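One structure below.
For clarity, every value in this text was computed on a predicted model and none was experimentally measured.
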Amino acid sequence: MKKRILILGSTGSIGTQALEVAATHSDKLQVVGLAAHSSSGTLNTQAQQFGLDDSACCLTARDGMDALISLIEATQPDIVLNALVGSAGLRATVTTLQAGLTLALANKESLIVGGELVTELATQNQMLPVDSEHSAIFQCLQSGNSAALKAIWLTASGGPFRGKTREQLADVRAADALAHPTWSMGPKITVDSATLMNKGLEVIEAHHLFGTSYDDITVLLQPRSLIHSMVEFVDGSTIGHLGIADMRVPIQYAFSYPERWPAVADLSVDYRELAGLELGAPDTDTFGCLRLAFQAGRSGGTAPCILNAANEVAVAAFLKDQIVFLDIEACVANALDHFASKILPLESIEQVEELDAQVRSFVDSIV
């Protein structure tokens, strides 16, 4: 029997690659619904390709989030791939988990903002990570139980500005930051990778997904993006996930789990030709967003919500050339200071949505 999949964010980088996986494995997967923000032309083309009518598609910019939630309920999927961008994906994550459906999670902001409100809804293996690093950790953990886990080594390429000083980054504009050395991604996540905020968000995500202390999560620079992360066990063994930098691998694993299917293309690596992996530590003095993310994660509660909302507004402004590269970090730091009194335990989705709106308004005002 085919697995029925609903793809939220179908016109973005993750969504389009997910549809490629679905087309390759059409004997195992059936696309039953698609949702996108505003790319109506691309959405229509995708719908025609997979034989879907208007009732199985949603354009959130036109129909709103309520229509997207209704789409989850109406299409009756086995798996929902949440590849929406930003905290807008939180309600879709909550609805999916509450409905008892399998969630393939590419929207890391759901966990950043929702934290334990999200993890408490998920049963074992109901929430399958799609981020390459978290998929790697999830796969590595198949070789040992979580009780034996000692540490997570979360790898990062370092982005296009690895090795630069703050002085060299002072006048960086969007066009420079969008040239990622190894991954092909959407503009927001590409900028986040350049500031290392993406890795900071992934640290918070890993904390929630795997129940690991922040003290036991270490960011490891690996510029060639061949090691996608590693887990260290209490017996001294370290298990790593290696492979070519291709998001179709973790997307497909989320669809195929617990099985493994043939790759959509030749993704093999000739490890005999590797001269070295060039491992190192990130420079958190130059790339302060990573430091701020650890700070917010350790503070817990609503602090990651503040961090995420401020970053989303700042990155949007940066992409419009309204601010320069280092201003992103400054906006986030200002927001965390300004809303320090509102760092409280998480109580409800409504609480974080209200705070999210307040932070966005504040950062808009300082931009």
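No side-chain heavy atom of Cys331 sits under 4.5 Å from any side-chain heavy atom of Val313. Looking at Pro304 and Ile112, their side chains come closer than 4.5 Å, going by heavy atoms from C-beta outward. Using a 4.5 Å cut-off on side-chain heavy atoms (C-beta onward), Pro282 and Lys199 make no contact. Residues Ile204 and Leu307 have side chains in contact (heavy-atom distance under 4.5 Å, counting atoms from C-beta outward). Side-chain contact between Ile14 and Met247: present, with at least one pair of heavy atoms (C-beta onward) separated by less than 4.5 Å. The side-chain heavy atoms of Gln139 and Arg260, taken from C-beta on, include a pair separated by under 4.5 Å. In this structure the side chain of Leu43 reaches within 4.5 angstrom of the side chain of Ser10, judged on heavy atoms. No side-chain heavy atom of Met197 sits less than 4.5 Å from a side-chain heavy atom of Val315.
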(message) Run the side-chain contact (heavy atoms from CB on, under 4.5 Å) test on Gln142 and Ile239 for me, step by step, so that the C-alpha distance in whole Å, both residues' side-chain angles and the decisive distance to 0.1 Å come before the verdict.
(response) CA-CA 10 Å; Gln142 307 304 310; Ile239 309 295; over 6 Å; no

(request) Give the intermediate values and the outcome of side-chain contact (heavy atoms from CB on, under 4.5 Å) for residues Thr302 and Ile343. (result) CA-CA 5 Å; Thr302 56; Ile343 297 177; 4.2 Å; yes

(request) Decide yes or no on side-chain contact (heavy atoms from CB on, under 4.5 Å) for Asp78 and Thr102, but give the supporting numbers first. (result) CA-CA 6 Å; Asp78 299 307; Thr102 296; over 6 Å; no

(request) I would like to know whether Gln252 and Trp261 meet side chain to side chain donor-acceptor pair (under 3.5 Å); could you show each step before the answer? (result) CA-CA 8 Å; Gln252 179 171 299; Trp261 300 338; over 6 Å; no

(request) Give the intermediate values and the outcome of side-chain contact (heavy atoms from CB on, under 4.5 Å) for residues Glu329 and Thr195. (result) CA-CA 8 Å; Glu329 177 189 332; Thr195 65; over 6 Å; no

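Within 6.0 Å of the NZ atom in Lys188, the count of heavy atoms belonging to other residues, nucleotides or ligands exceeds 12. No more than 12 heavy atoms of other residues, nucleotides or ligands lie within 6.0 Å of NZ in Lys164, so this atom counts as exposed by the packing criterion. Heavy-atom neighbours of Lys3 NZ from other residues, nucleotides or ligands within 6.0 Å: above the threshold of 12. Atom CG of Asp235 has more than 12 neighbouring heavy atoms from other residues, nucleotides or ligands inside a 6.0 Å radius. Within 6.0 Å of NE2 on His37 lie no more than 12 heavy atoms contributed by other residues, nucleotides or ligands.
In this structure, Glu133 does not pair ionically with Lys108, as no charged nitrogen and carboxylate oxygen lie closer than 4.0 Å. Ion pairing of Glu109 with Arg91 is absent here, as no side-chain N (NZ or NE/NH1/NH2) approaches a carboxylate O to less than 4.0 Å.
A donor-acceptor contact shorter than 3.5 Å is absent between the side chain of Ser237 and the backbone of Phe233. A distance-only check finds no donor-acceptor pair linking the side chain of Thr95 to the backbone of Ala92 [under 3.5 Å]. Side-chain N or O atoms of Ser135 include none that pairs as donor or acceptor with a backbone N or O of Asp131 at under 3.5 Å. A donor-acceptor pair is defined here as one N or O able to donate and one able to accept, closer than 3.5 Å; such a pair exists between the side chain of Thr155 and the backbone of Ile227. Within the 3.5 Å criterion, the main-chain N or O of Gln168 finds a donor-acceptor partner in the side chain of Thr165. Side-chain atoms of Asp176 come within 3.5 Å of backbone atoms of Arg173 as a donor-acceptor pair (strictly under, hydrogens ignored). Panel note: side chain Glu20, backbone Thr16; no donor-acceptor pair is recorded below 3.5 Å. Side-chain atoms of Gln17 come within 3.5 Å of backbone atoms of Ser13 as a donor-acceptor pair (strictly under, hydrogens ignored). Without hydrogens or angle criteria, Arg166 side chain to Thr286 main chain gives a donor-acceptor distance under 3.5 Å. Side-chain atoms of His134 come within 3.5 Å of backbone atoms of Glu202 as a donor-acceptor pair (strictly under, hydrogens ignored).
By the rule that hydrophobic residues join a cluster once side-chain heavy atoms approach within less than 4.5 Å of another member, Leu6 and Ile69 end up as members of one cluster. Under the 4.5 Å side-chain heavy-atom criterion for ILVMFWY residues, no single connected hydrophobic cluster contains both Leu90 and Leu344. A single hydrophobic cluster is not seen to contain both Val85 and Val80; linkage of ILVMFWY side chains at heavy-atom distances under 4.5 Å, directly or through other members, places them apart. Cluster membership for Leu221 and Val231, using ILVMFWY side-chain heavy atoms within less than 4.5 angstrom, is not shared. Leu71 and Val94 end up in different hydrophobic clusters when Ile, Leu, Val, Met, Phe, Trp and Tyr side chains are linked at under 4.5 Å.
His338 has its ring centre less than 6.0 Å from the ring centre of Phe362.
Rounding to the nearest 0.5 Å places NZ of Lys2 at 6.0 Å from OG of Ser26. Rounding to the nearest 0.5 Å places CG of Leu209 at 10.5 Å from NE2 of His207.
Pairing each heavy atom of Leu201 with each of Ala293, the nearest pair is N-CB, 4.3 Å. Nearest approach of Phe255 to Ile79, heavy atoms of both residues: O-CD1, 3.9 Å. Of all the heavy atoms in Val324 and Ala170, the pair that sits closest is CG2-O, 3.6 Å. The two atoms that bring Ala83 and Ala106 nearest to each other are CA-CB, 4.0 Å, heavy atoms only. Heavy atoms only, all atoms of each residue included: Gly64 and Cys58 are closest at O-SG, 4.3 Å. Residues Ser87 and Asn308 share a closest heavy-atom pair of CB-ND2, 3.8 Å.
Not counting sequence neighbours, the partners of Arg272 by the salt bridge (charged side-chain N to carboxylate O under 4.0 Å, His left out) test are Asp270. For the side chain to side chain contact (heavy atoms under 4.5 Å, CB included) test, residues two or more places apart in sequence or in another chain that qualify with Asp285 are Asp283. With sequence neighbours excluded, the residues satisfying side chain to side chain contact (heavy atoms under 4.5 Å, CB included) with Ser213 are Asp215, Asp216. Gln351 is linked by a side-chain hydrogen bond (donor to acceptor under 3.5 Å, both in side chains) to nothing, counting only residues two or more places apart in sequence or in another chain.
Checked options Glu312, Glu354, Glu353; the residue passing with Arg360 is Glu312 (criterion: salt bridge (Lys or Arg N to Asp or Glu O under 4.0 Å)). Among Asn107, Leu81, Leu84, Thr93, the one residue that satisfies the side-chain contact (heavy atoms from CB on, under 4.5 Å) test with Leu8 is Leu84.
Applying the salt bridge (charged side-chain N to carboxylate O under 4.0 Å, His left out) definition to pairs two or more places apart or across chains, none involves residues 49-74.
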Using distance only, find each side-chain donor-acceptor pair of residues 113-124 under 3.5 Å and give its atom names and separation, not counting sequence neighbours.
| residue | atom | partner | partner atom | Å |
| --- | --- | --- | --- | --- |
| Thr119 | OG1 | Glu116 | O | 3.4 |
| Thr123 | OG1 | Gln126 | OE1 | 3.2 |

